[in-house]
2 protein chains.
Amino acid sequence: MTDTTTRRIAKDALYDGFATIGRALAAGRRAEIVELLAQGERSVEQVARELDQSVANTSHHLRTLARAGLVGSQRSGTHVRYRLASDDVLELWAAVRRVAAAQLEGFDELATGYLGARDEVEVVDRDEVLDRLARGEVLLVDVRPVAEYAAGHLPGAISVPPDRLELLDDLPADRDVVAYCRGPYCVYADDAVRRLHRLGRRAMRLEDGLPEWRRANGPIAVGG
Amino acid sequence: MTDTTTRRIAKDALYDGFATIGRALAAGRRAEIVELLAQGERSVEQVARELDQSVANTSHHLRTLARAGLVGSQRSGTHVRYRLASDDVLELWAAVRRVAAAQLEGFDELATGYLGARDEVEVVDRDEVLDRLARGEVLLVDVRPVAEYAAGHLPGAISVPPDRLELLDDLPADRDVVAYCRGPYCVYADDAVRRLHRLGRRAMRLEDGLPEWRRANGPIAVGG
DNA sequence: TCGCTGTTCAAACCGTTGCTTGAATGTCGA
DNA sequence: TCGACATTCAAGCAACGGTTTGAACAGCGA
């Protein structure tokens, strides 16, 4: 065998290695898992419930992700807690989302199908929110399950869990509302903003979710 | 059908969309194509030759990448020139490499298999090279095919194509040598550094390749 | 128009993978 | 030690995807 063919084989093997990272993200259910674990660690059963998948299948997917090095796990008593392996994975996932949003044919239809028409939902970015918060112009609303709120939220944010959106109706009416949730493709904040609009209030969503906020070293408050 | 199931379906569809980006990178040959196109545009035939693949198969892969929005194409006479769709794709690819290098089990063996033992090859980063260049301490060597050198290279770099490494033997001996090529997983620079070592010279490789350098807004010279 | 070249298409083969089902493993509390 | 519960394993099916082969389809130059 010539030297160039052995190099060829080694090169193919190396790039097959890179490809296992791609393959790990090549299934929709696994993509959902990554997005979910970006929120914090979960047990297999928690993941399965949130994805509407069988526990066996979920475990299988988690193993695939673990083999590719994207997630790690840790036994804690009878449960096994899974989490993203590192912040690199978070950035990889953000890069995937960015490319999909910018380049993927038909992506807008998919996003609208899940999130609803988004042109009616005003978006504000990190800096603007910090700015207007400091001036006391806005009310921050965290639209995620209480457990996630407790694990960390934006300072001053009020918890309005997605299954209790009626709490929005009693919010003090003196300020505009900025809602945020898990990330740019999380429905909760959109639902909240639309409900507030129907009440005749001014409301918008934060561009980022909590993981992006944390990743950008935004201030975080913990607890109840 | 209940409202939550329609949402479930729409969510799955959205994440299947994200997954098509992952699927595009889920084959080793396509990963090689992305890395190659990061160097600049190529025709199908050029890509096929560099990958040692049939033209038909290469065309097939390029179509897959195009469907996912990662590459674009443009007819120019009898050729079709393919290129990466945007800088987002470059960053996505960089994120994949980073995760693989940091997290993927067995990656080091794969890398060593292709590139050889790397602990003997000293690495310098962008800032240090700029620094030492400014002080006239180093000789820069561009170890890529002449066409790529002509399309853009680091200012002051001498072209030493990978198939003419013997040119290294006549380099002025008054300075250390820094070699670079296509990227962190490109063999050319390593080959050059090893050859210089055998000549008893001090040599190292630049951490980045030209695409990363350009992406970081490093200075570029054209022609020559 | 014809032939040449670069590119794409279509079909077929075969290995891989996502999901389901049912059983096995492992850990904790009684 | 036993039973309950969370997780993993194994087998099987249907669908998908990478590669090969051979043919079809442009543009271009004569």
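Worth knowing before you read on, the calculation uses all heavy atoms, side chains too, and leaves out hydrogens, waters and symmetry mates. Numbers restart at 1 for each chain; the letters A, B, ... are given by sequence-line order, proteins then strands.
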Enquirer: Could you check how far CD of B:Q46 sits from C1' of C:dT5, rounded to whole Å?
Expert: 15 Å
Enquirer: Identify which one of B:T4, B:D12, B:T6 satisfies the side-chain hydrogen bond (donor to acceptor under 3.5 Å, both in side chains) criterion when paired with B:R8.
Expert: B:D12
Enquirer: Quickly work out the A:L51 CG to C:dG18 P distance and round it to whole Å.
Expert: 14 Å
Enquirer: Out of D:dG18, D:dT20, D:dT8, which has the shortest distance to the side chain of A:V80?
Expert: D:dT8
Enquirer: With the side chain of B:S54 defined as its heavy atoms from C-beta on, choose the nearest nucleotide among D:dT21, D:dT7, C:dT8.
Expert: D:dT21
Enquirer: Of the nucleotides D:dT7, C:dC19, D:dT8, which one has an atom closest to the side chain of A:N57?
Expert: C:dC19
Enquirer: Just compare C:dC9, D:dG18, C:dT7 and give me whichever is closest to any side-chain atom of B:S43.
Expert: C:dT7
Enquirer: The side chain of B:H60 lies closest to which of these nucleotides: D:dT20, D:dT19, D:dC9?
Expert: D:dT19
Enquirer: Given D:dT7, C:dT8, D:dT19, which nucleotide is nearest the side-chain atoms of B:S59?
Expert: C:dT8
Enquirer: Nearest to the side chain of A:V55 - D:dT7, C:dC19, D:dT19?
Expert: D:dT7
Enquirer: Of the options D:dA6, C:dT7, D:dT19, whose atoms approach the side-chain atoms of A:T78 most closely?
Expert: D:dA6
Enquirer: Name the nucleic acid region contacted by B:T64, choosing base, sugar-phosphate or nothing; use a 4.0 angstrom heavy-atom cut-off, strictly under.
Expert: nothing
Enquirer: Indicate, with a heavy-atom threshold strictly under 4.0 Å, whether A:A56 touches base, sugar-phosphate, or nothing.
Expert: base
Enquirer: Decide whether A:Y15 and B:E35 meet the rule of one side-chain donor and one side-chain acceptor closer than 3.5 Å.
Expert: yes
Enquirer: Measure CZ/A:R23 against C1'/C:dG18 and give the value in whole Å, please.
Expert: 14 Å
Enquirer: Counting side-chain heavy atoms from C-beta on, which of D:dT7, C:dT27, C:dT20 comes nearest to A:E45?
Expert: D:dT7
Enquirer: Any idea which of D:dT7, D:dG18, D:dT19 is nearest the B:R30 side chain?
Expert: D:dG18
Enquirer: Looking at A:R182 and A:E32, does any basic side-chain N land under 4.0 Å from a carboxylate oxygen?
Expert: no
Enquirer: CG of A:D12 versus C1' of D:dT19: gap in Å, rounded?
Expert: 13 Å
Enquirer: When you measure from the side chain of A:T58 to the backbone N and O of A:S54, does any donor-acceptor pair fall under 3.5 Å?
Expert: yes
Enquirer: Between A:F107 and A:Y185, is the gap from one ring center to the other below 6.0 Å?
Expert: yes
